[in-house]
Number of protein chains: 2
Amino acid sequence: MAQIQFEVVAECPQTRARAGLLHTPHGTIETPVFMPVGTQATVKGLSARDLADDLGVRILLANTYHLFVRPGPELIRGMGGLHRFMSWPNAILTDSGGYQVFSLSGLRKIDDRGVVFQSHLNGDLHTFTPESTVDAQLAYGSDIMMVLDECPEYPVSREYARQSTDRTVRWAGQAFGHYRQRLEQTSGFMLPGPGVPQASLMGALFPIVQGSMFADLRRACASALLELEADGYAIGGLSVGEPRPLSLAMVEATEDILPRNRPRYAMGVGMPAELPEYVARGVDMMDCVLPTRNARNGCLFTSEGRVIIKQARYKEDARPLDPACRCYTCSRYSRAYLRHLFLSGEILYAMLATRHNLQRYLDIMREIRHAIISEQYPEYLRSVRSTPVEAGGS
Amino acid sequence: MAQIQFEVVAECPQTRARAGLLHTPHGTIETPVFMPVGTQATVKGLSARDLADDLGVRILLANTYHLFVRPGPELIRGMGGLHRFMSWPNAILTDSGGYQVFSLSGLRKIDDRGVVFQSHLNGDLHTFTPESTVDAQLAYGSDIMMVLDECPEYPVSREYARQSTDRTVRWAGQAFGHYRQRLEQTSGFMLPGPGVPQASLMGALFPIVQGSMFADLRRACASALLELEADGYAIGGLSVGEPRPLSLAMVEATEDILPRNRPRYAMGVGMPAELPEYVARGVDMMDCVLPTRNARNGCLFTSEGRVIIKQARYKEDARPLDPACRCYTCSRYSRAYLRHLFLSGEILYAMLATRHNLQRYLDIMREIRHAIISEQYPEYLRSVRSTPVEAGGS
């Protein structure tokens with residue numbers, strides 16, 4: 001029994017883009033979808049209501065590593081799971097924590113059993129294994145979970161990439177073995193209340209295609225992962241410093257291997273102009289800290305180009321940030337006010353800027369989906385390629 | 001012609017408490033009222049919508065000094081005034097900036113003409129005179145403005161207090177002279193659009209009773225200020241380090257001098273348990289950074305007492321912060337989640353905590369007003385004195 005269901009509702013005849021519906025235990029999501037990042041059980045600067053009601057977010061991402069070191073999976077389980085803890089009514093995807101172990105932890109030691117690492121908060125030693133990261137994500141109650149993988153830096157030697165990819169494939173097998181055991185343990189039990197079998201509320205588990213920037217390793221990896229018959233497949237190891245054409249080539253490399261009737265998730269991408277490119281290569285799901293982090297740093301994405309809000313040119317600019325945008329920020333506030341808040345270090349700046357940048361990303365995704373369904377995707381792609389969505393003046 | 005109108009709608013027969021309606025160019029305010037502080041043209045952590053629609057705030061305070069040094073009165077005037085700049089539909093009261101000059105500015109030199117001070121941001125020298133602070137507040141378009149005053153520290157000698165109070169009275173006279181001149185200059189002119197005489201949109205100006213902790217000086221000051229026939233009177237120089245009974249005694253000292261048909265504003269007070277005490281002494285308006293600043297620092301006010309959210313006792317506490325509170329924070333989030341956000345330094349913590357603390361203050365003010373109108377104020381006062389609103393366990 002699949003834990004999530006994916007329906008393809010429209011396909012572009014020229015590109016690999018498709019529009020779909022992803023049914024999860026916490027609602028149905030229109031794809032292609034961009035998932036805002038809620039690292040520590042909150043998207044920085046927005047409440048659950050801002051996200052769900054105002055922005056219409058149907059799925060967000062939380063980081064297994066961050067929640068593992070604080071407040072910890074057992075606390076979250078005790079609070080009724082991550083949805084209840086953060087008061088989030090819609091779907092949640094969690095990563096495996098592998099990426100943060102490699103990027104944040106001062107000390108880490110990887111072997112075939114897993115990875116031992118030191119918390120970046122207090123230096124405590126922890127171990128992630130393929131099994132333990134599944135259990136952590138089960139404690140969170142994620143709708144979509146990721147297997148533990150190794151995300152190599154860029155560049156690495158072909159030999160290192162081969163060994164690392166082999167390990168990622170082995171770990172995926174172990175994670176799935178453990179996950180299926182957990183599924184069996186819980187099936188047959190009934191939840192108190194609505195009488196839904198608990199197993200039907202367990203999230204899906206996605207393996208992750210790795211292989212650094214070697215197309216043949218990525219193809220071999222994807223082929224090996226097919227045997228897991230997963231509900232969906234993630235593509236990892238992108239945006240680690242490689243040139244952007246290479247990221248796109250690596251996604252292309254496995255597009256024809258990954259099953260067309262399963263969602264594909266490109267992890268950690270991308271810039272506004274890149275979103276349509278990934279979709280054109282068969283990607284259904286994306287996440288990135290860019291819209292939220294850049295917002296806080298003063299970089300705002302508009303339909304007319306990037307706005308660096310601290311610039312003196314906006315000092316007395318009474319116009320909304322993006323006159324074409326319908327978000328709360330653009331409907332109520334001027335560039336001059338946003339600049340004042342930014343220079344003053346005000347919390348409201350982060351709130352308004354984050355809200356706008358996410359609206360912009362979600363609007364791009366709506367445009368993309370609409371173009372696919374209305375059979376205009378090739379035209380849409382040509383149009384955004386000639387006027388990149390994040391370039392232009394203001 | 002008065003710039004604001006004040007109606008007393010109920011008076012307590014035993015205390016000096018009264019309930020009223022304060023009609024301003026930006027709406028009518030039920031009094032007694034607590035005004036949240038929006039120092040830099042924003043209440044930290046809340047949007048205009050959060051404040052007006054969710055919390056029902058009808059008037060907030062902004063700081064003349066802070067807005068003077070950044071972004072400056074001329075920029076705000078150019079942006080259509082402070083209401084439009086910060087997208088605030090309701091009333092705004094601004095202080096004169098005197099208090100911040102004395103508390104924030106590294107260098108300052110006071111003489112009878114005014115005060116020269118150094119910006120705490122960049123060291124630039126500025127001068128505040130009784131006339132210039134009126135002009136700054138006119139540029140903001142405040143509904144209620146304050147005259148420049150000197151707010152002495154505590155304690156000061158009687159001789160210093162006398163001289164300082166004399167200066168405050170002289171400055172008030174100069175400020176009113178200048179203000180009335182501005183009123184005459186603008187009357188007769190019509191605003192573009194709705195055709196309302198511009199003078200009717202000019203804010204009211206309140207003089208400020210000073211006198212340090214000397215009751216006779218305060219009485220002399222209040223009597224002298226009466227000649228200005230102001231639309232309302234502020235009581236300054238409180239909460240500068242004196243014992244709380246002394247603050248209350250200083251308010252009592254001038255209660256019978258200040259006209260009963262004008263609003264009285266006690267500046268910079270107070271703690272939750274103090275609000276009913278000031279009201280019992282004839283105060284109609286209060287403001288304080290406590291609910292907002294304490295929220296950000298982890299101190300939350302509830303109907304059951306103070307909650308210091310970082311304490312380990314709240315680690316797995318699934319209860320709302322205040323089960324009796326109807327605010328967004330209490331209706332959606334647990335203490336455990338708030339503690340997690342606080343310890344993680346998350347923006348959402350400040351947003352949710354500020355929202356709750358302001359709701360608590362506004363709820364106390366609603367209770368107070370209801371008690372006065374329903375002729376229960378003495379009983380209410382006895383009740384809150386025996387269970388102070390910010391004490392108790394949780």
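Below, read A as the first sequence line, B as the second, and so on, with proteins coming before strands; counting in each chain starts at 1. The structure displayed is predicted, hence computed values, not measured ones.
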With a 6.0 Å cut-off (strictly less than), is the heavy-atom count around CZ of A/R70, excluding the residue itself, greater than 12? yes
If you count the non-hydrogen atoms of other residues, nucleotides and ligands that lie under 6.0 Å from CZ in A/R332, is the total more than 12? yes
For chain B, find its close neighbours in residues 39-50 of chain A: heavy-atom separation under 4.5 Å, sorted by number, or none. A/Q40, A/A41, A/T42, A/K44, A/G45, A/L46, A/S47, A/A48, A/R49, A/D50
A/Y99 OH: over 12 foreign heavy atoms closer than 6.0 Å: no
So which bits of residues 337-352 of chain A come within less than 4.5 Å of chain B, counting non-hydrogen atoms only? A/Y337, A/H340, A/L341, A/L343, A/S344, A/E346, A/I347, A/L348, A/A350, A/M351
Work out which heavy atom in A/M79 is nearest to a heavy atom in B/A336; give both atom names and the distance. CE-CB, 3.5 Å
Counting heavy-atom pairs closer than 4.5 Å to chain A, which one of B/E316, B/K315, B/M86, B/R296 comes out on top? B/M86
